[in-house]
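So you know, we letter chains A, B, ... as the sequences are listed, proteins then strands, and number each from 1.
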There are 2 protein chains.
Amino acid sequence: MDKIKVMIVDDHEMVRLGMKTYLLTEDRIDFLGEAKSGNEAARLAKLYMPDVILMDLLMENGNGIEATRKILSFHPHCKIIILTSYYDDEKVFPAIEAGAHSYLLKTASAEEVTGAVYKAVKGESVIASKVADKMLNRFRPQEKKPHEELTTREMDVLKCLGDGLTNQEISEELFIGIKTVKTHVSNILSKLGVADRTQAAIYANRNGILHKAGRKE
Amino acid sequence: MDKIKVMIVDDHEMVRLGMKTYLLTEDRIDFLGEAKSGNEAARLAKLYMPDVILMDLLMENGNGIEATRKILSFHPHCKIIILTSYYDDEKVFPAIEAGAHSYLLKTASAEEVTGAVYKAVKGESVIASKVADKMLNRFRPQEKKPHEELTTREMDVLKCLGDGLTNQEISEELFIGIKTVKTHVSNILSKLGVADRTQAAIYANRNGILHKAGRKE
DNA sequence: CATTTTTTCAGCCTCTGGACTGAGGGTGAA
DNA sequence: TTCACCCTCAGTCCAGAGGCTGAAAAAATG
């Protein structure tokens with residue numbers, strides 16, 4: 001039985017070292033090499049054609065999701081195991097869509113990581129429990145958020161409300177009459193189940209309904 | 001010259017392994033051991049009395065900041081180097097206050113980590129540049145946020161505004177007359193430089209002026 | 001093509017919000 | 001004590017907010 005060819009992708013030297021140490025103690029694993037970025041990963045993967053890649057998501061040059069997509073495009077049998085610290089929705093699902101086979105957190109022990117490698121070559125997936133929660137919730141009949149039944153125009157108005165604009169200002173912003181704005185605001189208030197524009201503005205802010213879509217922490 | 005006694009604190013096995021590997025290659029460093037949590041760190045530190053501790057901040061049982069404070073209380077000559085992924089204000093400054101001597105990010109290379117250890121025993125500090133930015137901004141003549149000149153009562157009212165309460169509701173919440181509420185609201189609006197209660201509510205929400213003080217991501 | 005939803009706008013009515021002015025009681029510092 | 005600030009409350013006044021009803025043009029849908 002051939003050894004499993006494994007590659008590491010992570011921009012943290014410390015983490016690469018730790019992972020490498022995990023892998024080198026396994027005699028059924030052939031440690032191929034490591035990459036510091038998504039771009040480097042794609043280059044090396046084309047060169048070495050690894051069986052399994054342990055991939056971080058957040059990196060300087062080219063993130064792990066792009067790299068995953070790129071690598072699988074020319075080497076579709078490669079099993080890519082995401083190994084990262086983050087388990088928020090915005091990271092997990094794009095990674096799955098990109099074709100990742102497993103999703104581990106960096107809290108994983110040596111056994112979990114090497115176990116995931118062996119399972120990957122057998123076609124089995126490993127999902128960290130915290131991530132599994134997210135996925136199950138995604139498939140459960142999720143009650144949709146109140147604002148999801150707003151029309152596109154009502155969303156425009158709600159964004160303005162979130163900026164604290166008055167009806168007059170909104171009408172100028174959207175080039176519509178003040179009466180029309182009032183109608184939209186009334187509909188928004190009833191659809192969101194809130195009492196006044198202030199609560200609607202709070203709702204917009206707490207649910208990230210904003211113009212510039214700037215979201216970070 | 002005695003070897004430098006170094007201890008590691010991190011709840012990620014992978015990271016501990018990487019850091020350990022950094023340290024074991026240095027013959028002037030005596031690797032004492034490792035801890036998986038802040039509580040364990042304090043216990044081991046009391047036992048081994050290390051010269052330098054490499055400490056993560058975010059851990060399951062007892063965070064790194066508490067541990068730092070605790071360890072320094074009984075072993076004040078210990079140099080504690082924070083080594084974490086985060087560099088937001090809420091993490092950096094409490095760590096410095098707790099008495100940390102250096103602040104590195106996990107993107108640090110082996111040379112940076114071992115270098116910080118050697119500098120620590122000489123009494124020198126190393127601050128990652130991204131963190132240094134934050135610190136410089138903190139010491140720069142910072143224009144104080146508008147809400148810092150609100151009186152305590154006005155802050156109470158502003159929190160209510162942030163919840164979307166009406167004047168009537170605020171008066172009931174705070175057991176004061178509605179006229180009084182109006183006075184406070186007017187003062188708040190002029191101090192914050194906003195036009196109406198809606199903008200005040202947005203301000204409160206975006207600046208984390210809330211009742212429950214619930215902060216997470 | 002027929003139907004429904006969305007978007008636009010109107011008039012009417014009520015009430016809250018907020019500006020402005022004024023003022024009495026409490027506390028703490030000069 | 002005087003001064004300053006904070007908290008409390010009152011009266012007046014008006015523009016804006018929001019509910020209700022109705023309705024026509026536009027766009028999506030079947």
Going 5' to 3' along DNA chain D, which nucleotides are the first and last within contact of chain B (any atom under 4.0 Å from a heavy atom)?
->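 From 5' to 3', the first and last contacting nucleotides are D:dC6 to D:dG11.
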To the nearest 0.5 Å, what is the distance between [atom1] on [X] and [atom2] on [Y]?
X: B:Thr107; Y: B:Glu112; atom1: OG1; atom2: CD; value: 7.0 Å
X: A:Ile65; Y: A:Met55; atom1: CD1; atom2: CE; value: 10.0 Å
X: A:Lys159; Y: A:Asn205; atom1: NZ; atom2: CG; value: 13.0 Å

Does the [X] side chain pair with the main chain of [Y], one donor and one acceptor, at a distance under 3.5 Å?
X: A:Glu154; Y: A:Leu150; result: no
X: A:Ser102; Y: A:Ile81; result: no
X: A:Glu172; Y: A:Glu169; result: no
X: A:Glu40; Y: A:Ala35; result: no
X: B:Asp51; Y: B:Lys5; result: yes
X: B:His12; Y: A:Val15; result: no
X: B:Asp196; Y: B:Thr198; result: yes
X: A:Arg69; Y: A:Ala98; result: no
X: A:Gln199; Y: A:Ala195; result: yes
X: A:His75; Y: A:Pro50; result: yes

Using heavy atoms and a sub-4.0 Å distance, could you list which residues of residues 151-161 of chain B are near DNA chain D? By number, please.
->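 Nucleic-acid contacts, sorted: B:Thr151, B:Thr152, B:Arg153.
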Residues within residues 167-185 of chain B bordering DNA chain D, heavy-atom distance below 4.0 Å |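 Here the set is B:Ile176, B:Gly177, B:Lys179, B:Thr180, B:Thr183, B:His184.
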Rounded to 10°, tell me the angle between the two end axes of the helix from C:dC1-D:dG30 to C:dG24-D:dC7, each built from five pairs.
->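 The angle, to the nearest 10 degrees, is 60°.
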What residue pairs, at least two apart or across chains, pass side chain to side chain donor-acceptor pair (under 3.5 Å) with a residue in residues 114-130 of chain A?
->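 Residue pairs with at least one partner in residues 114-130 of chain A: A:Glu26-A:Tyr118.
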Identified side chain to side chain contact (heavy atoms under 4.5 Å, CB included) counterpart of B:Ile82 within the set B:Val92, B:Leu54, B:Thr68, B:Leu105 |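 Per the side chain to side chain contact (heavy atoms under 4.5 Å, CB included) rule, the option paired with B:Ile82 is B:Thr68, out of B:Val92, B:Leu54, B:Thr68, B:Leu105.
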Opening and closing nucleotides of DNA chain C in contact with chain A, under 4.0 Å to non-hydrogen atoms |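 Endpoints of the contacted stretch of DNA chain C: C:dT6 to C:dG11.
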